[in-house]
Amino acid sequence: MAEPTGAGVQALPGKTGRKRRRDPIYHAAEPETVKVYVWELPVRIWHWVNALSIFVLFVTGIYIGNPFVHAAGSGDADAFLMGWVRIVHFVTAFVFTLGWVFRLYWNFFGNRYAIENPFRRRFWSGMWETVKYYLFLPNRKPHYVGHNPLAMLSYWLFGVMSLIVILTGFFLLFEPHLDTAFGRLVSWMFLVFGDSFSIRSWHHVFAWLIILFVIVHVYMAVRDDLVERSGTISSMITGYKTAKRAHLIEADEDAAGERKTLDVG
Amino acid sequence: MATAVKRKTIYEELREQGVTRREFLKIATAITMALGLKLKMVPTVVHAMETRPRLPVIWMDFQSCSGPTESFIRSYQPSMQKVLFDMISLEYNGALMAGSGTAAEEHILKIMNEYPGEYILAAEGSLPLLPGALTIAGRPAEETFREVAAKAKAVVAMGSCATWGGIPAAKPNPTLARAVTDFVPPGVPFIRIPGCPPIGEVMTNTLAHIVIFGTLPEVDELARPKAYYRHRLHDKCQRRPFFDAGLYAETFNDEGARQGYCLYKLGCRGPTTYNACAELRWNGGLSWPIQSGHPCIGCAAPNFWDEAPFYARVVQLPGAQTTINPERVGAVMAGALAAGIAVHAAATVIAKGRIAKKPDVKALKDIEIGQ
């Protein structure tokens with residue numbers, strides 16, 4: 001991806017100046033604020049491909065579960081409405097699956113904002129402060145340039161929900177021929193999820209949980225954009241978020257795993 | 001019902017009944033075909049029938065409606081039926097046998113002692129965990145079952161009650177009924193023939209397979225014979241083209257129902273049910289539920305009774321015995337979530353307004369930390 005160049009590019013503030021592998025890129029904007037390159041191009045592409053595939057999968061999935069429109073005509077020999085809807089659902093499902101695999105890969109090779117480390121006390125105390133923040137309670141939530149811990153948790157849950165929908169979905173895809181090579185890849189799910197009816201049920205329930213996630217996710221993004229003025233929504237197109245310089249230092253210290261007294265204002 | 005098992009081979013018994021060698025070979029070929037074997041396997045079947053004696057079968061009913069027995073005796077393919085009764089020796093069956101009382105119960109003991117490890121225990125119905133819920137000849141059924149199963153060559157669970165618990169185990173399960181397969185002693189192989197009832201030919205052919213090969217047929221993850229339970233009804237259904245076309249009956253009386261459209265929207269369980277109905281059909285291949293215009297209720301699937309209502313597309317809440325309409329419940333949850341979000345958004349606006357009105361230092365600091 002194209003890295004911003006020129007006078008605006010800065011080394012990590014408060015550090016030795018050596019750029020580490022997973023460090024993001026900073027742009028000075030105004031005296032007190034910087035623009036941070038948070039979402040790299042592959043992440044942004046993945047985000048929108050994923051969003052589109054969830055939309056397509058949801059609409060086609062609702063139709064497959066409850067065919068609300070009938071094929072035109074009656075007994076038309078070349079009607080293939082459900083067939084086409086299923087084909088669109090299956091092809092999109094492969095896109096969604098590949099996206100899932102890519103995003104897992106990107107956790108390890110993206111910049112620091114690709115994933116947060118949950119094995120730190122600070123992650124969980126930050127989550128508690130974030131919960132209090134969203135409940136309008138007095139809190140000491142630090143400013144997070146990337147994901148706050150609560151958001152990160154919701155993305156992990158989203159990843160697990162996606163995995164369950166993907167697994168059960170592939171079972172349903174290969175269900176007509178369980179004794180083939182592909183069928184054998186999925187027939188073990190009888191022992192995990194139960195019989196076919198149960199597997200189908202898991203698929204429906206988790207699809208709906210993903211939709212609930214999407215609703216919360218969109219609300220949180222809009223809210224964050226309006227309340228924080230951080231450019232959250234545009235950041236998923238441009239990649240850049242706006243942050244106060246002071247916040248950035250704190251966030252970077254946080255990312256480096258170092259304790260630091262909150263020094264905001 | 002035979003009162004004593006002769007150790008003559010099947011072939012010898014057939015010859016005694018006046019079957020010629022030529023007729024015998026025809027029968028063996030018919031059996032080979034009925035079992036779905038290659039024509040090359042005819043010599044194997046002939047050899048088995050020439051060398052193996054009839055298979056003693058003890059058929060016990062527990063918490064059952066005797067549906068599997070009723071279906072078993074309606075195994076059509078007439079030439080098959082006769083042969084199969086010549087291939088097995090049904091020693092005990094509560095519904096069919098003439099004997100009763102002590103004589104019948106003692107006959108079980110006789111078979112157990114004479115043919116340990118050779119007889120098949122065909123079990124029908126579920127077994128209750130509630131003490132005293134089911135006694136046969138004065139003994140707890142569970143005790144008798146364990147005893148007879150322990151010496152059996154294999155246990156064949158006939159019907160959905162024996163395989164999954166079925167209707168006795170459906171909510172609220174007053175007798176704490178369980179599948180008989182849960183009571184099979186370790187080391188004794190078992191096979192599941194689900195269905196309410198199972199197709200007669202599936203039961204007779206499974207027994208025929210055991211006679212000819214001396215082993216249980218190949219089974220799937222849930223111990224069902226693959227030959228009959230590896231495919232869904234949905235994938236073999238004669239109405240499937242209407243499913244793919246997007247043409248569905250909405251009610252039992254509409255034009256779609258008259259045209260023979262797919263019964264998916266009437267709650268057909270074909271997409272989740274594994275059985276051979278679409279291929280073997282019922283009553284000698286005459287018809288089967290979906291052909292006759294009734295959606296499948298999934299009687300061969302575990303917990304089918306608790307997956308009601310039968311005439312609606314529902315899914316089960318995992319871990320619960322509650323079915324829901326996923327679209328309706330999902331939409332309600334999404335609506336509730338949207339309402340919650342509206343409240344939260346309003347609270348956000350109010351909180352910001354309050355902050356703007358009171359610019360005292362402490363509050364401002366809190367809020368800036370909050371942000």
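All figures in this text were calculated on a predicted structure; none of them were measured in a lab. A note on names: the letters A, B, ... follow the listed sequences, proteins ahead of strands, and every chain is numbered from 1.
- Here the straight-line distance linking atom CG of Leu226(A) with atom OG1 of Thr348(B) works out to 9.5 Å at 0.5 Å rounding.
- Proximity to chain A is absent for every atom of Val329(B), based on heavy atoms less than 4.5 angstrom apart.
- For Lys236(B), no part lies near chain A; criterion is any non-hydrogen pair under 4.5 Å.
- With respect to chain B, the highest number of heavy-atom pairs below 4.5 Å among Phe80(A), Tyr219(A), Phe190(A) belongs to Tyr219(A).
- Ranked by heavy-atom pairs under 4.5 Å with chain B, the first of Thr130(A), Ile62(A), Asp195(A), Asp179(A) is Asp179(A).
- Looking only at side-chain heavy atoms (C-beta outward), Leu178(A) and Tyr274(B) come within less than 4.5 Å of each other.
- In plain terms, the two heavy atoms of Tyr63(A) and Gly246(B) that are nearest each other are OH-CA, 4.3 Å.
- With hydrogens and angles ignored, the 3.5 Å screen pairs no side-chain donor or acceptor of Thr272(B) with any backbone N or O of Phe197(A).
- The shortest side-chain heavy-atom distance between Pro326(B) and Arg200(A) does not fall under the 4.5 Å cut-off.
- Counted within 6.0 Å of CH2 on Trp288(B), heavy atoms from surrounding residues, nucleotides or ligands total more than 12; the atom is thus considered enclosed.
- Residue contact with chain A, scored on non-hydrogen atoms closer than 4.5 Å, is absent for Glu255(B).
- Heavy atoms closer than 4.5 Å to chain A are found in both the backbone and the side chain of Pro271(B).
- Atom CG of Leu222(B) is separated from atom CG of Leu191(A) by 6.5 Å, given to the nearest 0.5 angstrom.
- When each of Val85(A), Val205(A), Ile215(A) is scored by its heavy-atom pairs under 4.5 Å with chain B, the top score falls to Ile215(A).
- Neither the backbone nor the side chain of Glu129(A) comes within less than 4.5 Å of any heavy atom of chain B.
- For His204(A) (side chain) and Gly330(B) (main-chain N/O), no donor-acceptor pair under 3.5 Å exists by modelled atom type.
- Within 6.0 Å of atom CH2 in Trp128(A), 12 or fewer heavy atoms from other residues, nucleotides or ligands are found, so the atom counts as exposed in its surroundings.
- Using a 4.5 Å cut-off between heavy atoms, Leu212(A) contacts chain B through both its backbone and its side chain.
- Both the backbone and the side chain of Ile64(A) come within less than 4.5 Å of a heavy atom of chain B.
- Looking at Asp235(B), only its side chain comes within 4.5 Å of chain A, counting heavy atoms on both sides.
- The candidate with the highest count of non-hydrogen atom pairs below 4.5 Å against chain B, out of Ser201(A), Ala207(A), Ser198(A), is Ser201(A).
- By the 6.0 Å contact criterion, CZ on Arg86(A) is enclosed, its count of non-hydrogen atoms from other residues, nucleotides or ligands being greater than 12.
- By the neighbour-count criterion of 12 heavy atoms within 6.0 Å, atom CH2 of Trp188(A) is densely surrounded, having more than that number from other residues, nucleotides or ligands.
- Within a 6.0 Å radius of CZ in Arg258(B), other residues, nucleotides and ligands contribute more than 12 heavy atoms.
- Contact count against chain A (heavy-atom pairs under 4.5 Å) is highest for Ala331(B) among Cys262(B), Ala331(B), Ala301(B).
- Both the backbone and the side chain of Val216(A) come within contact range of chain B, each with at least one heavy atom under 4.5 Å from a heavy atom of that chain.
- At a 4.5 Å heavy-atom cutoff, the contact between Ile341(B) and chain A is made by backbone and side-chain atoms alike.
- Counting heavy-atom pairs closer than 4.5 Å to chain B, the top residue among Gly83(A), Pro67(A), Gly65(A) is Pro67(A).
- Here Met220(A) contributes atom CE and His344(B) contributes atom NE2; the two are 5.5 Å apart, rounded to the nearest 0.5 Å.
- With a 4.5 angstrom heavy-atom cutoff, His234(B) does not touch chain A via any of its atoms.
- Ranked by heavy-atom pairs shorter than 4.5 Å toward chain A, the options Glu327(B), Arg269(B), Glu250(B) are led by Glu327(B).
- Interatomic distance, Met82(A) CE to Tyr248(B) OH, rounded to the nearest 0.5 Å: 3.0 Å.
- Within a 6.0 Å radius of CZ in Phe55(A), no more than 12 heavy atoms belonging to other residues, nucleotides or ligands are found.
- For chain B, no part of Phe206(A) is nearby; none of its heavy atoms comes within less than 4.5 Å.
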Pair Ser196(A), Arg232(B) - check side-chain hydrogen bond (donor to acceptor under 3.5 Å, both in side chains), show working. CA-CA 9 Å; Ser196(A) 176; Arg232(B) 297 184 300 170; 5.5 Å; no
